[in-house]
Amino acid sequence: MLILGFESSCDETGVALVETSAAATPRLLSHALHSQVAMHAAFGGVVPELASRDHIRRALPLTRQVLTEAGRDLADIDVVAYTRGPGLAGALLVGSAVACALAAALGKPVLGVHHLEGHLLSPFLSADPPVFPFVALLVSGGHTQLMRVGGVGEYCLLGETIDDAAGEAFDKSAKLLGLGYPGGPALARLAEFGDAGAHALPRPLLHSGNLDFSFAGLKTAVRTRALKLADSPCDQWKADLAAATQAAIVEVLVKKSLAALKATGLERLVVAGGVGANALLREQLDAACAGRGLRVHYPELALCTDNGAMIALAAAMRLDAGIEAARCDYVFDVQPRWPLATVGTVVA
Ligand code: KG4
Ligand code: ZN
């Protein structure tokens, strides 16, 4: 079965082709991505209307590109998958409209996919795929969640952020340090030149006894220090504060992930979402898990942030598991707000 996947929930247009067969795990044939970062950078963040318009421009050229790279034709596609939510309503509507129109023209069914399910299943396309069950740490620009994943569609929320997401903490702190958008990678780069010990920043909810997170207080602490140091004669404080911020976020993510593994008795952790690309997070999780006989799985770096491959893959795995059927009603059913824990439910 050949699945074409569209991702358009925020500021990247992603298109990919994934092939499934009864005998093997799903295989990524090709994927293409257009990042809107340069377009939004001038505004310091994503402008939803511009994002939607750009998805319209990119969707079909990227579709042609993945078909050419895989040596396939439109007629070979069996199912068209798209991100149904969560995300920006207008941006989601573009992806669902393109997917539904293309599928209707081809006489093929469509399947709307949960963006976070795409992220958490994305390590199945890596060279070191996980096996169920596992704990998933989902760390993106809008979400920070720990889930118990029993199988495809079996998602139980263990804890989540009560305010800002980890990616948001990176992005907002980066802005306070005068770094560009998106802030996470920029802050991580600057942190390499800083001393994390130079600032004692809070580790919110670290000892809360549950698996919830909070990052809003950290951002406030960064703002207070940034204002105090703004007139310093040299800029080293920025690198130090970047390093301290990254260390605080990473320590909380690592400790809560270990606590989730302990609470569930599971030995595998899957890290997914844009913040999963962070090198310090990977280094510290690897070190903490190796010492305890635990395994950590990541998506390939190129598939950590938003992409079409994870959407085609999630569709493939849901169809293979028989928990959902693709549809031919071609309804634009986007869900800008959509809790992941509900996607196990079979939608007729
Ligand atoms: O999953 P993603 O691409 O989009 C959402 O679904 O939100 O995640 C984007 C988030 C942004 O907040 C970005 O700053 C962060 O992931 N991010 C990083 C790194 N790369 C991306 N944060 C820290 N270190 C990185 N290397
Ligand atoms: Zn994402």
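Everything quoted here is computed from the prediction, not taken from an experiment. Atoms within each ligand, like the ligands themselves, are counted from 1 in listed order.
Listed by first and then second residue, the salt bridge (charged side-chain N to carboxylate O under 4.0 Å, His left out) pairs that reach into residues 98-124 are E117-R318, sequence neighbours excluded. Residue pairs meeting the salt bridge (charged side-chain N to carboxylate O under 4.0 Å, His left out) criterion with at least one member in residues 204-232, sequence neighbours excluded: D164-K219.
The existence of a salt bridge linking K175 and E168 is excluded, since no basic side-chain nitrogen approaches an acidic carboxylate oxygen closer than 4.0 Å.
Around the Zn ion (ligand 2), protein atoms of type N, O or S found under 2.8 Å number 3.
Within 4.0 Å of ligand 1, protein heavy atoms belong to H115, H119, S140, G141, G142, G167, F170, D171, G184, P185, G273, G274, V275, A277, N278, T305, D306, listed by chain and number.
With no hydrogens or angles considered, a side-chain donor-acceptor pair links S9 and E7 at under 3.5 Å. Under the 3.5 Å distance criterion, with hydrogens and angles disregarded, a donor-acceptor pair is assigned to the side chains of K256 and S208. Checking T13 against H55 by side-chain atom types alone, a donor-acceptor pair falls below 3.5 Å.
Side-chain N or O atoms of S126 include none that pairs as donor or acceptor with a backbone N or O of S122 at under 3.5 Å.
The aromatic ring centroids of F132 and F124 lie less than 6.0 Å from each other.
For the side chain to side chain contact (heavy atoms under 4.5 Å, CB included) criterion with L4, the lone passing option out of D76, L102, V79, D78 is L102.
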